[in-house]
**Q** 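Quick one: structure below, then a few questions.
Chain naming here is simple, since letters A, B, ... match the order of the sequence lines and numbering starts at 1 in each. FYI, side chains are in, hydrogens and waters are out, and symmetry mates aren't considered; it's all heavy atoms of this structure.
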Amino acid sequence: MATKEQAEAAAQAAAGESSTSEVRYNPGEIEARWQERWAAQPDLYAAEPASSPKSKYYVLEMLPYPSGQLHMGHVRNYAIGDALARYMWMRGHNVLHPMGWDAFGLPAENAALKNNTPPRQWTLQNIAAMKRHMNRIGLSYDWSNEITTCLPDYYRWNQWFFLRMYERGLAYRKKSKVNWCPQCATVLANEQVVNGCCWRHEEQIVEQRDLEQWFLRITHYAGELLEDLSQLKGWPEKVRTMQRNWIGRSEGAEIEFEVEDDSVVPEDEAKARKPGTALLPARDDVRGTGKKIAVFTTRVDTIYGATSLQLAPEHPLVKEMTENDAALAEAVAGQLDQQKKAREAGDVGAIEKHGVFTGHYAINPFNQERLPIWVGNYILLDYGTGAIMSVPAHDDRDYDFAKKYGLEIRVVVLPRRPGEGGEADREPLLPFTAEDSLLINSGEFTSMGCQEAQQKMAGYAEEHGFGKATVTYRLKDWGISRQRYWGTPIPMLYCAICGIVPVPESDLPVLLPDNVQITQQGGSPLAKVPEFVNAKCPKCGGNALRETDTMDTFVDSSWYFYRYTDAHNATAPFDSSVVAYWFPIDQYIGGVEHAILHLIYSRFWTKVMRDLGLVRNGEPVERLFTQGMVIRNGAKMSKSKGNVVSPDEMIERFGADATRMYALFAAPPDRDLDWQEDGVAGISRFLSRVYRFAMKYGERARTRDAPGAERSAASQALLRKLHQTIRKITQDFSGRWHFNTCIAAIMELLNALTAAEAQIAAGKVPDAVLAEILRSLTLLLAPFAPYLAFELWEQIGQKDNLLRAAWPQFDEALAKEDQIEIPVQVNGKLRSVVTVAADAGEDEVRDAAMADEKIAAFLAGKEVARLILVPRKLVNIVVK
RNA sequence: GCCCGGAUGGCGGAAUCGGCAGACGCAGCGGACUUAAAAUCCGCAGACUCUAACAGGUCGUGGGGGUUCAAGUCCCCCUCCGGGCACCA
């Protein structure tokens with residue numbers, strides 16, 4: 001180790017030299033120069049054709065909405081993808097790294113209203129601006145397959161896919177309750193409703209409206225979407241869990257209860273019936289009406305404990321019952337109203353349970369008991385069958401409800417073991433919901449375990465024709481109709497004679513007209529354009545009306561990454577053989593906010609395309625990476641919080657290299673990143689030190705001499721550090737992606753170089769060694785600071801394209817330390833450190849430890865009970 | 001309520017397999033260079049404690065317990081923060 005005096009002498013020597021040949025790192029000048037040169041080589045980052053002998057690597061960042069502004073979240077996302085793309089090129093892969101624009105959507109219409117600029121013009125201007133910003137950052141995109149989703153050469157294929165789905169029954173129209181955002185003046189998908197509010201307008205309560213809508217049958221793939229999640233080993237567990245919950249598979253049984261025929265009920269009994277009465281025993285003269293109520297349950301084993309049926313207020317049978325019962329109609333209407341108010345209050349979970357007795361009864365098919373039929377506000381129409389059997393003893397919600405209305409609570413399951421729910425084989429604490437338990441009072445199923453009973457009872461129901469085992473999903477079909485202008489027209493016609501008629505494929509694309517008056521009033525703006533609306537029916541030639549709704553913009557982003565492989569194809573969405581070469585995407589990078597919406601739709605679309613015979617892969621993305629948010633002053637950067645730092649300003653002050661490198665250095669990429677401007681200045685200082693060092697010794701690094709065999713200790717040490725750095729970064733790229741520590745390692749390498757500067761200046765490090773170090777250092781920097789790397793590459797006399805230069809190989813022999821420090825502990829406490837040869841044997845290490853003065857002092861007069869020696873790690877001496 | 005993350009110096013973070021806690025950077029302090037400043041370079045730097053100094057000691061990774069020769073890392077319990085889902089039968 002150098003003494004303080006030596007170090008100061010070296011510093012003085014170095015300082016003296018640099019003052020005579022003052023070089024300054026000027027990122028503005030360097031980056032402007034390289035940008036010009038890169039702009040002159042449009043195919044610099046172009047992927048090679050599928051015939052390339054190289055192995056393919058498809059790296060993709062989520063395409064942005066062209067708001068016109070890049071924010072730090074974008075910079076971080078793209079810096080990660082760009083580092084990976086550049087690394088993969090240098091590793092000899094054929095890299096596809098495309099970019100495009102998610103260009104349809106409401107902001108363009110809002111901007112049109114505000115500035116009186118047509119959406120198309122506004123969007124295309126923004127795209128041009130954002131593309132300039134991306135190029136300024138120095139991102140290695142292959143623009144030859146750029147996609148703009150609002151242009152007809154792209155959206156015609158949305159229409160084409162829609163027709164294919166329509167032919168297969170995967171696209172259909174139905175009237176349904178839909179989520180309506182008054183501010184967007186359009187329908188929202190279930191996935192776009194957050195806490196009962198609009199995803200774009202956090203304060204806006206979503207209303208329910210009845211509308212005719214187009215749906216895509218994503219539920220057809222619910223099972224597969226769920227099962228295939230287990231194949232996605234390269235996806236974050238968090239995202240897989242979120243999708244699993246969203247799909248929400250429940251195994252259970254559907255059981256039909258027949259409604260009792262009221263006309264045969266004796267008059268006195270009928271009079272006795274009041275809301276809240278308990279169930280009635282089985283009667284011999286009971287007759288069914290033939291009307292059935294199907295319920296879905298995951299606990300068919302508890303069916304002997306059912307003491308009422310509960311229907312959703314919107315259930316069709318309730319509608320029927322209220323027709324001749326004004327009092328009931330009023331009660332149900334009140335209930336719906338309350339429900340709506342509670343939902344608007346926000347906290348759905350806290351809504352008090354509420355019910356109305358309908359006056360009717362149904363028959364439990366297992367024991368012929370007669371269950372009162374209620375309308376319960378906690379029953380959801382669109383889950384399961386919209387009706388349940390209520391088993392108060394064994395369900396939390398049913399228990400609350402029964403307590404409130406005094407319904408009978410009948411225990412049919414006992415705990416097997418003490419602990420959960422009370423003592424074994426005794427009446428449990430209610431409600432008792434554990435399933436590892438035993439049935440009682442359940443006819444022939446008594447004394448079975450719950451799981452066994454579930455199977456047997458579902459089988460019994462099926463045998464007797466009143467039910468079956470079934471699976472229910474939470475996932476619902478994807479409503480894609482939007483009453484907006486700036487989207488893909490849905491290629492459908494309504495003919496007075498022929499009904500719904502698809503636009504023939506030869507008539508695609510259905511062009512979105514330009515001259516449209518945009519208003520925020522309800523209804524699609526396209527409906528006010530007669531030239532668009534009025535068409536001829538392709539079947540009968542008569543007058544027909546066009547569908548005036550447009551598609552959800554998530555349709556655009558569900559398959560865009562396929563189009564990137566063949567964006568100019570005019571006869572098909574893409575060439576399947578080219579897709580077969582590039583897919584699946586090797587690495588997809590984006591924000592976790594798309595964990596459900598975009599990433600489920602994309603998986604669905606891929607499965608549809610596979611079934612259409614267009615692609616062979618069943619999943620679009622092999623590995624997914626979700627980067628953390630960019631935070632400043634403890635909150636996510638946002639205009640409303642006033643803590644936004646603009647990338648432009650950072651680039652202006654410190655350069656693109658420093659800005660993007662800081663985005664990788666400040667935190668591991670999967671964690672949130674705290675933006676500190678002083679940190680960017682620190683990176684800029686580091687790049688400046690690299691630049692000055694390289695410029696000072698660049699001339700010597702131009703040597704063509706091969707490194708000689710004889711090397712000074714200084715060269716050995718530097719080469720060791722170099723190869724350790726290469727090893728660290730290479731390994732990190734292959735999995736962990738902790739670019740923050742990669743950059744730290746490059747800093748350490750530079751620190752070692754400047755610490756050895758006196759020896760370097762004195763010629764103790766041969767030029768050939770210096771050349772190897774500078775070349776490798778430049779290559780290591782290339783994924784993170786491409787401008788500086790290209791500049792230095794040239795300055796040290798390299799002529800070939802840096803991006804195609806081979807990534808440096810590390811040499812284990814050179815990376816190996818010849819001496820290592822072994823910590824020595826006594827009773828687990830660090831007492832000394834001994835230095836031994838790296839290949840020292842156990843005896844040698846033990847002897848060195850025992851011989852150490854400090855250790856000897858600790859051992860004096862004590863008995864060594866045990867000695868633990870971990871090779872190359874540590875020695876721990878246990879004494880009594 | 002349920003399911004995932006996370007908590008380490010003044011700050012961002014490091015410690016990849018149970019083996020020297022705090023790499024690297026920021027901010028800070030001291031110094032060199034300078035007429036001066038900026039820039040640059042060198043050095044110091046978890047807390048407490050002992051010492052004139054050298055050297056040393058104790059404590060320390062949100063809190064409490066445990067396993068182990070050894071725990072930021074593994075196990076159990078708890079607190080706080082962030083995210084997702086939520087009357088899903």
**Q** For a quick check, with a 4.0 angstrom heavy-atom cut-off, what is the B/S/- contact string for nucleotides 1-11 of chain B, read 5' to 3'?
**A** --SS------S
**Q** With pairs defined as Watson-Crick or G-U wobble and both distances under 3.5 angstrom, please note down RNA chain B as a dot-bracket string, | for pairing with another strand.
**A** (((((((..(((......[....))).(((((.......))))).((((......))))..(((((..]....))))))))))))....
**Q** Not counting sequence neighbours, which residues clear ring pair (Phe, Tyr, Trp, His ring centres under 6.0 Å) with A:F625? List them please.
**A** A:W737
**Q** Under the rule for side-chain contact (heavy atoms from CB on, under 4.5 Å), what residues qualify as partners of A:M72, not counting sequence neighbours?
**A** A:V75, A:V630, A:M637, A:V645, A:P647, A:M650, A:T659, A:W675
**Q** Would B:C44 be called syn or anti, given that syn covers angles within 90° of 0?
**A**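 Anti conformation for B:C44.
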**Q** Tell me: CG of A:N827 to C1' of B:U58, nearest whole Å?
**A**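 Taking atom C1' of B:U58 as the reference, CG of A:N827 is at 16 Å.
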**Q** Is the distance from OP1 or OP2 of B:C41 to the nearest side-chain N or O of A:T754 less than 4.0 Å?
**A** no
**Q** State whether A:N751 places a side-chain N or O below 4.0 Å from either non-bridging phosphate oxygen (OP1 or OP2) of B:G25.
**A** yes
**Q** Can you check whether A:R736 has a side-chain N or O nearer than 4.0 Å to OP1 or OP2 of B:A14?
**A** no
**Q** Nearest to the side chain of A:K728, heavy atoms from C-beta on, is which of B:U16, B:C24, B:C20?
**A** B:U16
**Q** At under 4.0 Å between heavy atoms, what does A:D672 touch on the DNA or RNA strands: base, sugar-phosphate, or nothing?
**A** sugar-phosphate
**Q** Kindly state each residue pair satisfying side-chain hydrogen bond (donor to acceptor under 3.5 Å, both in side chains) with at least one member in residues 820-830 of chain A, sequence neighbours excluded.
**A**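 Non-adjacent pairs meeting side-chain hydrogen bond (donor to acceptor under 3.5 Å, both in side chains): zero.
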**Q** Whole-Å distance between B:A70 C1' and A:L869 CG?
**A** 14 Å
**Q** Given B:G25, B:A23, B:C69, which nucleotide is nearest the side-chain atoms of A:R866?
**A**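 Among the listed nucleotides, the one closest to the side chain of A:R866 is B:C69.
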**Q** Calculate the interatomic distance between A:D670 atom CG and B:G13 atom P; express it in whole Å.
**A** 11 Å
**Q** Under the ring pair (Phe, Tyr, Trp, His ring centres under 6.0 Å) test, which residues partner A:F466, sequence neighbours left out?
**A**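 Here the qualifying residues are A:F366.
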